[in-house]
Asks: 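Just dropping this structure here.
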Amino acid sequence: MCIMTVFIYAHPAVAQTAAQAWLKYHPLGKPLTVPTRVSTLGQSMLEQTAALELRRGLLSLSGGAPLEQGPNIILLGTVQEMRARQPKTTVPSLGPDEFLITARHGDLAREIDIVGGNDRAILYGAFALLRNLAQGIDMSKADIREHPAMPVRWVDEWDNADGSIERGYAGRSIFFDNGHVRDDLAPVAEYARLLASVGINACNVNNVNNAAVFLTPQMLQGIARIAEAMRPYGVRVALSVDIASPQKIGGLSTYDPLDPAVKTWWSTKVNEIYALIPDFAGFTVKADSEGQPGPASFGRTPADAANTLATALAPHSGVVLYRAFVYNHHADWRDPKADRARAAYDIFHPLDGKFAPNVIIQTKEGPIDFQVREPVSPLFGGLTQTSQAMEVQITQEYTGQQRHLVYLAPMWKQVLDFDMRVGGASTPVREIVAGKSFHRTLGGMIGVAGIGQQAWLGSPLALANLYAFGRLAWNPDLTPEQIADEWTRQTISNNPAVVRVVTKMLMQSWPAYESYTGPLGLQTLTDITGSHYGPNIESSENNGWGQWHRANHNGLGMDRTVATGTGYVGQYSPDVAKVYESAATTPDDLLLFFHHVPYTWKLHDGKTVIQYLYDSHYDGAAQAAHFVDDWESLKGRIDPELYADMLPRLQYQAGHAIVWRDAVTQFFLKLSGIPDDRGRAGHYPNRLEAETARLTGYKVIEVNPWEDASGGKAVTCHDTTSVVPDKPEKDYGASAPAPTCAAEWTYNAQPGRFNIAVQYFDLQGGVAKFSLEINGQTPTPDASWSADATLPTSHLHADNSTRHIVHNVGLKPGDKIRIEGTPGGTDPAALDYIEILPATPSQ
Ligand code: GCW
């Protein structure tokens with residue numbers, strides 16, 4: 001018997017740490033319920049990592065009390081090691097990544113055994129013990145046995161070699177810079193800790209677009225260093241590959257996947273990779289999609305391409321994740337039968353059974369593209385002889401880009417629980433992707449993470465999504481509430497009142513976002529050809545991208561039925577298709593995804609579609625405002641830095657939810673001609689529009705799209721009457737002194753104290769300054785502010801329309817309210833309106 005005890009532990013000095021996420025291990029303020037002496041039975045790297053993690057966590061949870069030296073221990077080992085040590089005790093056989101945590105109480109000593117089916121399982125057991133302790137759970141009688149539901153639990157990064165990140169909202173890459181792998185990979189190791197703590201076992205480090213450069217010898221050397229940094233945490237590295245690599249970087253004249261020279265090129269390349277990275281996980285492929293090259297150029301199928309890669313990887317036990325995200329982005333929008341939603345099933349279903357055993361088809365959760373709500377992709381039910389993985393997006397491309405709080409676990413959970421009814425039997429997606437339904441050995445979940453250098457995901461609460469992704473891939477039976485509760489306890493506080501508030505906010509956030517950005521299955525009504533952030537309702541029409549909602553004067557929604565529409569509904573099993581084929585049985589929240597109906601169509605509760613659109617946008621924006629109140633209720637009960645970091649984000653969201661609300665409701669009011677029966681849409685009685693003010697220097701402009709500004713107009717301080725999309729305006733930077741412009745109104749309503757909301761456009765390219773005066777006086781300290789946020793695009797529209805509130809201002813009839821705007825750089829200090837609201841104290 002050999003009991004190894006490692007005493008040395010040093011904290012690495014890392015700028016970006018896992019403690020910025022949920023691995024905080026706040027002191028519990030009470031004695032720990034487990035021994036704090038940690039020993040390992042074996043010497044493997046992962047077992048040693050497990051011991052280090054435990055010591056580090058226990059030290060911190062106990063508030064720095066020295067770790068015990070006595071007979072009580074936490075003992076770590078594999079099944080074989082435990083059996084050898086304790087021949088008289090039955091140690092059950094465990095599968096890969098499966099662990100056991102058992103407390104035993106001898107006469108003289110207390111012991112917690114963490115037993116793993118493999119080395120990595122010991123690390124997972126260690127993290128599980130710490131997770132429980134950090135939540136204040138008594139572990140003195142621990143008796144836990146867990147195994148992951150699915151073997152493939154990967155995160156994908158869309159990082160480019162230059163260090164930018166496609167659809168990333170947290171700064172630059174932790175992996176790459178300027179065409180190279182970074183020298184300092186300490187943050188990569190910290191990321192691997194985070195991933196391992198929730199059971200994620202591989203990380204694909206590069207973008208699925210423009211991937212060829214990642215297979216060059218120089219880059220692979222760097223990738224090997226990344227693999228080394230992640231290896232101690234059992235996180236294997238994978239790469240996205242460009243199917244044209246044999247031609248682009250290999251010097252061949254073709255990349256036809258069936259060409260013998262191409263096949264040899266891939267085998268040689270794969271051997272080169274494994275010589276550097278023996279535990280390399282595999283390849284991810286985006287081909288024939290959104291401009292990426294693919295097998296179609298040679299008349300070959302995705303199976304031909306996937307199998308060529310799979311053959312090269314098979315001797316090393318590597319896998320191919322071939323993405324089903326293949327569609328024609330030049331579709332004919334005038335063709336009522338054209339339908340992007342059909343593409344994945346149309347292309348991949350006929351290939352079922354033709355893929356090599358180490359190929360996994362990676363399908364986005366819905367048939368379009370990570371919209372705020374979509375039905376489940378029918379392809380999950382359409383591949384019964386092929387391993388499958390479900391791709392979800394942790395980075396919030398279409399769900400508020402981390403500037404809006406949107407906890408996505410409830411959405412993922414609905415997809416996982418959805419029963420595809422294949423063959424008329426119960427086949428929920430979670431069992432299909434786990435490989436259970438159709439007896440596949442591979443399968444799993446992939447989360448597009450988008451982590452960057454700014455505190456991983458930019459906004460602290462957004463990290464609940466990364467956490468939830470790992471937890472659901474490990475155990476899809478967990479509920480989103482449970483996961484939110486766990487995450488909050490580890491990240492913010494164990495105080496039940498705090499946990500209640502934060503969990504409630506998280507749980508309400510996706511429904512809120514859905515209701516102000518795209519209810520009833522309309523998808524996110526955002527700028528489809530641009531940033532995917534603010535509202536731009538017509539941008540999805542009249543182009544080939546296929547995210548159509550077909551709204552016109554008479555009705556809206558896309559007819560995807562078999563009877564009269566695109567036939568998409570027929571891709572589901574008969575049990576599911578029956579529900580979606582008829583508007584009467586389709587759930588309201590997907591109605592407009594499947595059916596084109598008049599605005600006066602009655603939903604299941606009798607409300608018309610148009611009235612629902614109005615109500616949901618007003619309710620959703622009100623909910624976003626409540627998040628601010630909820631957060632304010634935590635003042636003094638949570639870490640002040642976290643409080644101060646999150647508050648302005650939620651205030652911003654509340655303002656931007658109003659921008660969304662007004663854009664969508666104004667738009668549909670005009671298009672349908674049917675008024676809001678509660679009189680709100682298009683009527684803003686407390687609003688003073690900038691275009692109606694007495695203007696000094698400011699010029700009135702038409703905003704494009706018109707619904708992105710109140711009344712379609714704004715004023716800008718630059719000497720222009722139109723704004724060219726995405727072209728910077730005249731630069732007032734260093735050379736010319738910035739002019740100051742002013743808009744002035746005379747107040748003529750009831751006297752009293754009010755909040756004055758100022759709606760302005762915070763454009764990229766400079767920091768404009770604003771100030772508000774009443775009768776020439778600055779009324780409050782918050783009456784001067786800078787437009788210094790980083791929001792998408794330099795085009796003046798809803799992406800950057802922002803609300804600043806000046807609190808508790810006294811007003812009486814005849815008062816002059818004046819806003820002065822000073823452009824900065826290319827930001828023209830543009831204004832939309834001011835709104836006079838009931839007073840609240842400023843925070
Ligand atoms: O929705 C689109 C994104 C692209 C992304 C693509 C994909 C990586 O807008 O940025 O490209 O999905 O999933 O391949």
Side-chain angles (χ1 to χ4, degrees), residues 403-405 459 461 497-498 500-502 504-505 508-509 512-513 515-516 617-638 640-662 678 680 683-690 710 745 747-760 762 770-775 777-789 801-813 815-819 831-843:
R403 296 182 191 91
H404 291 238
L405 173 66
S459 174
L461 295 198
V498 172
R500 231 182 350 263
V501 171
V502 177
K504 186 187 82 169
M505 290 173 71
Q508 291 176 340
S509 59
Y513 192 78
S515 58
Y516 63 79
H617 281 81
Y618 276 86
D619 293 347
Q623 180 65 65
H626 278 141
F627 293 149
V628 177
D629 303 336
D630 288 337
W631 193 253
E632 285 175 346
S633 77
L634 301 177
K635 193 173 186 180
R637 294 196 282 173
I638 62 172
E641 260 181 53
L642 171 66
Y643 179 81
D645 182 357
M646 208 52 220
L647 184 62
R649 296 175 192 273
L650 293 165
Q651 288 166 333
Y652 165 79
Q653 176 181 355
H656 201 235
I658 293 172
V659 175
W660 265 101
R661 176 195 79 187
D662 292 352
R678 293 173 62 189
R680 299 156 302 184
H683 299 285
Y684 311 107
N686 303 320
R687 227 170 247 191
L688 300 170
E689 297 288 344
S710 189
W745 302 262
Y747 181 72
N748 57 15
Q750 292 301 311
R753 301 201 73 79
F754 300 94
N755 286 354
I756 303 180
V758 182
Q759 199 71 33
Y760 63 101
D762 187 345
F770 291 94
S771 61
L772 176 143
E773 288 176 359
I774 308 294
N775 302 327
Q777 304 290 317
T778 303
T780 58
D782 58 2
S784 300
W785 69 100
S786 298
D788 55 2
S801 177
T802 307
R803 178 169 274 229
H804 178 84
I805 297 182
V806 182
H807 291 84
N808 204 7
V809 178
L811 286 176
K812 57 183 183 327
D815 280 352
K816 305 269 183 293
I817 308 173
R818 182 181 169 90
I819 304 277
L831 270 180
D832 191 355
Y833 62 84
I834 63 170
E835 190 161 281
I836 315 290
L837 302 162
T840 57
S842 92
Q843 278 289 313

Asks: Who pairs with K504 by side-chain contact (heavy atoms from CB on, under 4.5 Å), at least two apart in sequence or on another chain?
Replies: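 K504: side-chain contact (heavy atoms from CB on, under 4.5 Å) contacts with Q508, D630.
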Asks: Report the relative orientation of the aromatic rings in H404 and Y516; use parallel for angles under 30°, tilted for 30 to 60°, perpendicular for over 60°.
Replies: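 It falls in the tilted class, 30° to 60°.
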Asks: Testing the basics here: between P813 and A749, what is the closest heavy-atom pair and its distance to 0.1 Å?
Replies: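 What the structure gives for the nearest pair is CG-O, 3.2 Å.
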Asks: Can you tell if the side chain of I638 reaches within under 4.5 Å of the side chain of V502, non-hydrogen atoms only?
Replies: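 With C-beta onward as the side chain, the pair stays apart.
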Asks: Are side-chain heavy atoms of I774 and R818 found at a separation under 4.5 Å?
Replies: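 Side-chain contact under 4.5 Å: no.
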Asks: Please step through side-chain contact (heavy atoms from CB on, under 4.5 Å) for the pair L650 and M505, ending with a clear verdict.
Replies: CA-CA 11 Å; L650 293 165; M505 290 173 71; 3.8 Å; yes
Asks: What verdict does the side-chain contact (heavy atoms from CB on, under 4.5 Å) test give for I805 and I756, after you've listed the backbone C-alpha separation in whole Å, the side-chain angles of each residue and the deciding distance to 0.1 Å?
Replies: CA-CA 6 Å; I805 297 182; I756 303 180; over 6 Å; no
Asks: How long is the straight-line distance from CD of Q651 back to CE of M646, given to the nearest 0.5 Å?
Replies: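 Rounded to the nearest 0.5 Å, the CE-CD separation comes to 11.0 Å.
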Asks: Please state whether the rings of Y760 and F770 are parallel, tilted or perpendicular, taking 30° and 60° as the class boundaries.
Replies: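 Correct class here is tilted.
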Asks: To the nearest 0.5 Å, what is the distance between OH (Y747) and CD1 (I834)?
Replies: 10.5 Å
Asks: Which value, rounded to the nearest 0.5 Å, describes the distance between L688 atom CG and I817 atom CD1?
Replies: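 Reported to 0.5 Å precision, the distance equals 6.0 Å.
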Asks: How long is the span from the CG atom in D662 to the NE2 atom in H617, to the nearest 0.5 Å?
Replies: 10.0 Å
Asks: Please assess N686 against F754 for the test side-chain contact (heavy atoms from CB on, under 4.5 Å), listing each intermediate value before the final yes or no.
Replies: CA-CA 11 Å; N686 303 320; F754 300 94; over 6 Å; no
Asks: When rounded to the nearest 0.5 angstrom, what is the spacing between CD1 in I836 and CD in Q750?
Replies: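 Reported value, rounded in 0.5 Å steps: 13.0 Å.
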Asks: Is a donor on one side and an acceptor on the other found under 3.5 Å between the side chain of D762 and the backbone of T802?
Replies: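 No: the side chain of D762 does not pair with the backbone of T802.
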Asks: Would you check if the side chain of Q653 reaches a backbone N or O of L405 as a donor-acceptor pair within less than 3.5 Å?
Replies: yes
Asks: For L837 and A757, work out which heavy atoms get closest and say how close.
Replies: CD1-CB, 3.8 Å
Asks: Can you confirm whether N775 sits close enough to K812 that some side-chain heavy atom of one is under 4.5 Å from a side-chain heavy atom of the other?
Replies: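 SC-SC contact between N775 and K812 confirmed.
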Asks: On a heavy-atom basis, which atom in S710 and which in E689 lie closest, and how many Å separate them?
Replies: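 In terms of heavy atoms, the two residues are closest at OG-OE2, 2.6 Å.
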Asks: Going by the rule side-chain contact (heavy atoms from CB on, under 4.5 Å), which residues pair with T840 if we only count those two or more places apart in sequence or in a different chain?
Replies: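 Partners of T840 by the side-chain contact (heavy atoms from CB on, under 4.5 Å) criterion, ordered by chain and then number, come out as N755, H807.
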Asks: Of all heavy-atom pairs between S515 and G620, which one has the smallest distance, and what is that distance?
Replies: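 That closest heavy-atom pairing would be OG-CA, 3.3 Å.
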Asks: Between W745 and A690, what is the shortest heavy-atom contact and its length?
Replies: CZ2-CA, 3.8 Å
Asks: Consider only side-chain N and O atoms of R680 and Y618, and report whether a donor and an acceptor are under 3.5 Å apart.
Replies: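 No, no side-chain donor-acceptor pair sits under 3.5 Å.
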Asks: Applying side chain to side chain donor-acceptor pair (under 3.5 Å), name anything that partners R637, two or more places apart in sequence or on another chain.
Replies: none
Asks: My understanding is that only residues two or more places apart in sequence, or in another chain, count here; which of them pass side-chain contact (heavy atoms from CB on, under 4.5 Å) with D645?
Replies: P460, R649
Asks: Check D782 against H804 and note the closest heavy-atom contact, atom names and distance.
Replies: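 The answer is O-NE2, 2.7 Å.
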Asks: Does any part of the side chain of W631, heavy atoms only, come nearer than 4.5 Å to the side chain of L634, both counted from C-beta?
Replies: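 Contact flag for L634/W631 side chains = yes.
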Asks: Go through the structure and list residues passing side chain to side chain donor-acceptor pair (under 3.5 Å) with S801, not counting sequence neighbours.
Replies: Q759
Asks: Drop me the distance from L831's CG to I819's CD1, to the nearest 0.5 angstrom.
Replies: 6.0 Å
Asks: Can you list the residues that meet the side-chain contact (heavy atoms from CB on, under 4.5 Å) rule with H626, with sequence neighbours excluded?
Replies: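 Applying side-chain contact (heavy atoms from CB on, under 4.5 Å) to H626 gives Q623, D629.
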